[in-house]
Amino acid sequence: MVSLQSKIQEFMSENIRVRFAPSPTGPLHIGGVRTALYNYLFAKKAGGKMILRIEDTDQTRFVPGAEQYIMEAFKWCGIQFDEGINEGGKYGPYRQSERKNMYADYVEQLLKSGNAYYAFDTAEELDTYRKAADTDKQTFIYNTESRKKLHNSLNMSEADVKKLIADGTPYVVRFLIPENTSVEMKDLIRGEISVKSETLDDKVLYKSDGMPTYHLANIVDDHLMKITHVIRGEEWLPSLPLHVLLYQAFGWNMPQFAHLPLLLKPDGNGKLSKRDGDRLGFPVFPLQWKDPKSGETSSGYRENGYYPAAFVNMLALLGWNPGSEQEIFSMDELIEAFSLERVGKSGSKFDPEKAKWFNHQYLIKKTDQEIAEEWIAWLKSEKQLEITADKALKIVGLIKERVQFVHELWNEAIFFIEAPESYDEKVVKKRWKAESPNQMESLAQQLETITDFTASAVDEKVKSWITDNELSMGAVMNALRLLLVGAPKGPHLGDIMEVIGKTESLSRIREGIHALQS
RNA sequence: GCUCCCAUCGUCUAGUCAGGUCAGGACGCCAGGUUUUCAUCCUGGUAACAGGGGUUCAAAUCCCCUUGGGAGUACCA
């Protein structure tokens, strides 16, 4: 039995439509990934649709490869779009440059209804006004007051306007902010917001190159694509009044808005930027990116060894919390738990340490088998080294707890693969005594008698030898570790010897004795 | 400067909307325990309601001011 109420709810939620609308000007910042993630979680939870729209209205900022980067990044993260430049959909095209001719009609509509006007001020002129205002510690804004003295259709006869346009004079179309009103807005995260219209400026809607600006294209497309919820970064909050006014001018229903708090630098203040990553040594991009112009490479979470699930999990908890003490969430669990009400209002400083911790959690959750396979692949590509699956499995089982990333296994496992090339001086000083060479040789002879060289057999032999000779465990084991490992680290010695085998163990002991003699 | 937003441990945060548990958890850090070393692990500890005023029997929680922080202020998104 399905109740009417749940049917209504189902009907409503099927119509939930959200979009992520990046500009293809470079790699996607992790803040952008988080915004997309929240959109995705919100949509999936509601059974709605997630749309990818490319906002490429600024032809001068186009960066080759950026679009591909964005899609690859989301694929890696496990964020799937229902509609977009790749997926298609009945509200396309999903690239604004391909919608170019659709915007002119809407501009015309605004012009006719008196909500917009032509402006002929050149970029240079405006620049001069801004600079002049700046020296007076003022801000130049194109608004109620200043527009009366500027070069626009509000101050001209219709005939003059027509002539200028006919002559090919470059112009833009500006939105006419209404005078003396208060714009009332509602944000799902912040609540009611109110702004006086005279503090707003007459933003350009249509550029002289025939392309719409973000503001116009965004409203038109969100309307045409039937977007129900606009979830975007807080940097857009100051333009919300304009957008609200635009919807009103068109006479359209507004989507609901949610402005997400920003991701901040780990230290100091300010928005997280690419520079911070370089400076503090952590990636700010999901994937590695090579700038086609400068050739400069920026590191990515994927290339740094993060698991996509760990990355997504970490990002989700930065600004949102489930209200419980659970910290590890699969994508499905995130979808289930997510709600906009539990998104915080204040910015979050990004903590690289916690990011690593998340990866560690995901790593130790995997089976030894899975990690071993990843490590074998890593060894092959990074070290041109092949080891058997059996050996890799054993090593991984012994040391996985100590690493946060697969690539870190190497440092913890090198002694399983190579004999020590040097011996830690501090340990030599503390643990290598005059009697050590004879003791170790005697122990080696004992180990030589073991036929089945397993960890337990080795342990047993070593222990009985220590007891028989009335020696201390600490002194013997540490000296032995010095010969086998070369440093005061690593797992249980019996395990190490089993993995490297009898021949190698004995050879290391004897070579070590020899090396430490001189 | 102006407009808007925000404010709990070093960091992420619970608690704020419907005032009333020693302000809870996690990361980090420190100490102890386990161990043949290191790491893990276990136990414990460190540490916060920005300040001031109000309202109230009672304020982290509601109101105001101050301070601090952030964003925006383009023919960029």
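This one's a predicted model, so the numbers in the text were calculated from it and none came from an experiment. Sequence lines set the chain letters: A, B, ... in the order given, protein chains first and strands last, and positions in each chain run from 1.
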> Say you draw a straight line from NZ of A/Lys400 to CG of A/Asp368; how long is it, rounded to the nearest 0.5 Å?
4.0 Å
> Taking only the side-chain heavy atoms of A/Leu262 (C-beta and beyond), determine which of B/A74, B/A77, B/A71 contains the nearest atom.
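For the A/Leu262 side chain, the nearest candidate turns out to be B/A71.
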> Quick check: does any side chain N or O of A/Glu418 sit under 3.5 Å from a backbone N or O of A/Phe415, one acting as donor and the other as acceptor?
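A pair under 3.5 Å: no.
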> Under 4.0 Å from OP1 or OP2 of B/U37: is there any side-chain N or O of A/Arg431 that close?
no
> Using modelled atom types only, decide if a donor and an acceptor are shared between the side chain of A/Asn152 and the backbone of A/Arg147 within a distance under 3.5 Å.
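Between the backbone of A/Arg147 and the side chain of A/Asn152 there is a qualifying donor-acceptor contact (under 3.5 Å).
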> So, is A/Arg34 near the phosphate of B/C12, with a side-chain N or O under 4.0 Å from OP1 or OP2?
no
> Considering only atom C1', compute the distance from B/G28 to B/G10 and round it to an integer number of Å.
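Looking at atom C1' only, B/G28 and B/G10 are 8 Å apart.
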> Just checking A/Gly323: base, sugar-phosphate only, or nothing, at a heavy-atom cut-off of under 4.0 Å?
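Answer is nothing: A/Gly323 stays at 4.0 Å or more from every strand.
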> Applying ring pair (Phe, Tyr, Trp, His ring centres under 6.0 Å), which residue pairs with at least one partner in residues 347-367 of chain A are found, sequence neighbours left out?
A/Phe282-A/Phe350
> Could you tell me how far B/G20 sits from B/A58 if I compare only their C1' atoms? Round to whole Å.
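The answer is 6 Å between these two C1' atoms.
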> Once the angle between the rings of A/Tyr214 and A/His243 is folded into 0 to 90°, is it parallel (under 30°), tilted (30 to 60°) or perpendicular (over 60°)?
tilted
> For B/G72, take OP1 and OP2 only and decide whether either is under 4.0 Å from a side-chain N or O of A/Lys271.
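For A/Lys271, the contact criterion (side-chain N or O under 4.0 Å from OP1 or OP2 of B/G72) is met.
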> Tell me if the aromatic rings of A/Trp320 and A/Tyr38 count as close, with their centers under 6.0 Å from one another.
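No - the distance between ring centres of A/Trp320 and A/Tyr38 does not fall below the 6.0 Å cut-off.
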> For B/A31 versus B/U67, give the span between their C1' atoms, rounded off to a whole number of Å.
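Rounded to whole Å, the distance is 38 Å.
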> Would you call the rings of A/Phe120 and A/His151 parallel, tilted or perpendicular if under 30° counts as parallel and over 60° as perpendicular?
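Taking A/His151 first and then A/Phe120, their aromatic rings sit tilted (interplane angle of 30° to 60°).
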> With nearest nucleotides of RNA chain B determined for A/His360 and A/Gln96 from heavy-atom distances, which residue corresponds to the more 5′ nucleotide?
A/His360
> Counting only side-chain nitrogens and oxygens, does A/Arg342 get under 4.0 Å of the OP1 or OP2 atom of B/G15?
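Yes, A/Arg342 has a side-chain N/O under 4.0 Å of OP1/OP2 on B/G15.
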> Looking for any heavy atom pair under 4.0 Å, which part of the strands does A/Asp121 touch: base, sugar-phosphate only, or nothing?
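Base, at least one base atom sits under 4.0 Å.
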> Which whole number of Å gives the distance between the C1' atom of B/C9 and that of B/A14?
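Each nucleotide's C1' atom is 13 Å from the other's.
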> Any strand counts, and the cut-off is 3.5 Å on both contacts for Watson-Crick or G-U wobble. Which nucleotide pairs with B/C27?
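B/G10 is the nucleotide pairing with B/C27.
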> Supply the atom-to-atom distance A/Asp267 CG to A/Asp276 CG, rounded to the nearest 0.5 angstrom.
7.0 Å
> Just the rounded figure in Å: distance from C1' of B/G28 to CZ of A/Phe358.
14 Å
> Provide the distance between the two C1' atoms, one in B/U61 and one in B/C49, to the nearest whole Å.
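It works out to 10 Å between them.
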> What's the closest nucleotide to the side chain of A/Ile141 if the choices are B/C75, B/U73, B/A39?
B/U73
> Given A/Met497 and A/Leu447, is the side-chain contact (heavy atoms from CB on, under 4.5 Å) satisfied, shown in steps?
CA-CA 10 Å; A/Met497 283 192 271; A/Leu447 294 172; 4.2 Å; yes
> Picking from B/C12, B/A77, B/C75, which would you name as closest to the side chain of A/Ser348?
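The closest nucleotide is B/C12.
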> Looking at the side chain of A/Asp351, which of B/C75, B/A77, B/C27 is the nearest nucleotide?
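Nearest to the side-chain atoms of A/Asp351, counting from C-beta on, is B/C27.
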> With the side chain of A/Trp236 defined as its heavy atoms from C-beta on, choose the nearest nucleotide among B/A77, B/C75, B/U73.
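The answer is B/A77.
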> Considering only B/G72, B/C12, B/C76, which nucleotide approaches the side chain of A/Arg61 most closely?
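From the listed options, B/C76 comes nearest.
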> Of the options A/Leu242, A/Asp201, A/Asp202, A/Val107, which is the one that meets A/Phe175 in a side-chain contact (heavy atoms from CB on, under 4.5 Å)?
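Exactly one pass, corresponding to A/Leu242.
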> Parallel, tilted or perpendicular, judged at 30° and 60°: which one describes the rings of A/Tyr118 and A/Tyr171?
perpendicular
> Does the side chain of A/Asn321 get closer than 4.0 angstrom to OP1 or OP2 of B/A14 through an N or O atom?
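It does, given that an N or O in the side chain of A/Asn321 lies less than 4.0 Å from OP1 or OP2 of B/A14.
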> Of the options B/G28, B/A71, B/C75, whose atoms approach the side-chain atoms of A/Glu235 most closely?
B/A71
> Considering every strand and a 4.0 Å limit on heavy-atom distances, what is the contact class for A/Pro491: base, sugar-phosphate, or nothing?
base
> Using the P atom as the point on both nucleotides, what is the distance between B/U37 and B/G32, in whole Å?
15 Å
> With sugar-phosphate meaning primed atoms plus P, OP1 and OP2, does A/Thr60 contact a base, only sugar-phosphate, or nothing at under 4.0 Å between heavy atoms?
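No contact.
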> Distance check needed: B/U37 P versus A/Glu412 CD, whole Å only.
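From A/Glu412 CD to B/U37 P: 16 Å.
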> Could you run down nucleotides 2-7 of chain B 5' to 3' and tag each one B, S or - for protein heavy-atom contact under 4.0 Å?
-SSSSS
> Taking any strand in view, what nucleotide pairs with B/U40 in a Watson-Crick or G-U wobble way, both distances under 3.5 Å?
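Its partner is none (no Watson-Crick or G-U wobble pair with both distances under 3.5 Å).
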> Nearest whole angstrom, please: distance from the C1' of B/U37 to the OH of A/Tyr423.
16 Å
> With ring centroids as reference points, do A/Tyr306 and A/Phe311 lie under 6.0 angstrom apart?
no
> With ring centroids as reference points, do A/Phe285 and A/Tyr301 lie under 6.0 angstrom apart?
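No, the ring of A/Phe285 stays outside the 6.0 Å limit from the ring of A/Tyr301, centre to centre.
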> I need the NE2-C1' distance between A/His29 and B/A77, as an integer number of Å.
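Going from NE2 in A/His29 over to C1' in B/A77 covers 14 Å.
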> Name the residue closer to the 5' end of RNA chain B, choosing between A/Lys137 and A/Ala123 according to the nucleotide with the nearest heavy atom.
A/Lys137
> Kindly point out which of B/G72, B/C27, B/C75 is positioned nearest to the side chain of A/Trp357?
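Selected nucleotide (nearest to the side chain): B/C27.
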> Could you identify the nucleotide paired to B/C76, looking across every strand shown and requiring Watson-Crick or G-U wobble geometry with both distances under 3.5 Å?
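Checking every strand shown, B/C76 finds no partner, since no pair has both distances under 3.5 Å.
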> Taking the P atom of each, how far is B/G52 from B/U46, in whole Å?
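My reading of the P atoms in B/G52 and B/U46 gives 24 Å.
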> May I ask you to say what A/Gln138 touches in the nucleic acid, namely base, sugar-phosphate or nothing, with a heavy-atom cut-off under 4.0 Å?
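Here A/Gln138 touches no strand at all.
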> Taking atom P in both B/C4 and B/A47, compute the distance separating them and give it to the nearest angstrom.
40 Å
> Does a side-chain N or O from A/Arg174 land closer than 4.0 Å to OP1 or OP2 of B/C75, or not?
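Yes.
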> Sort me out a list of protein N/O and nucleotides 23-25 of chain B N/O pairs below 3.5 Å, or just none if empty.
from	atom 1	to	atom 2	distance (Å)
B/G25	O4'	A/Glu325	OE2	3.2

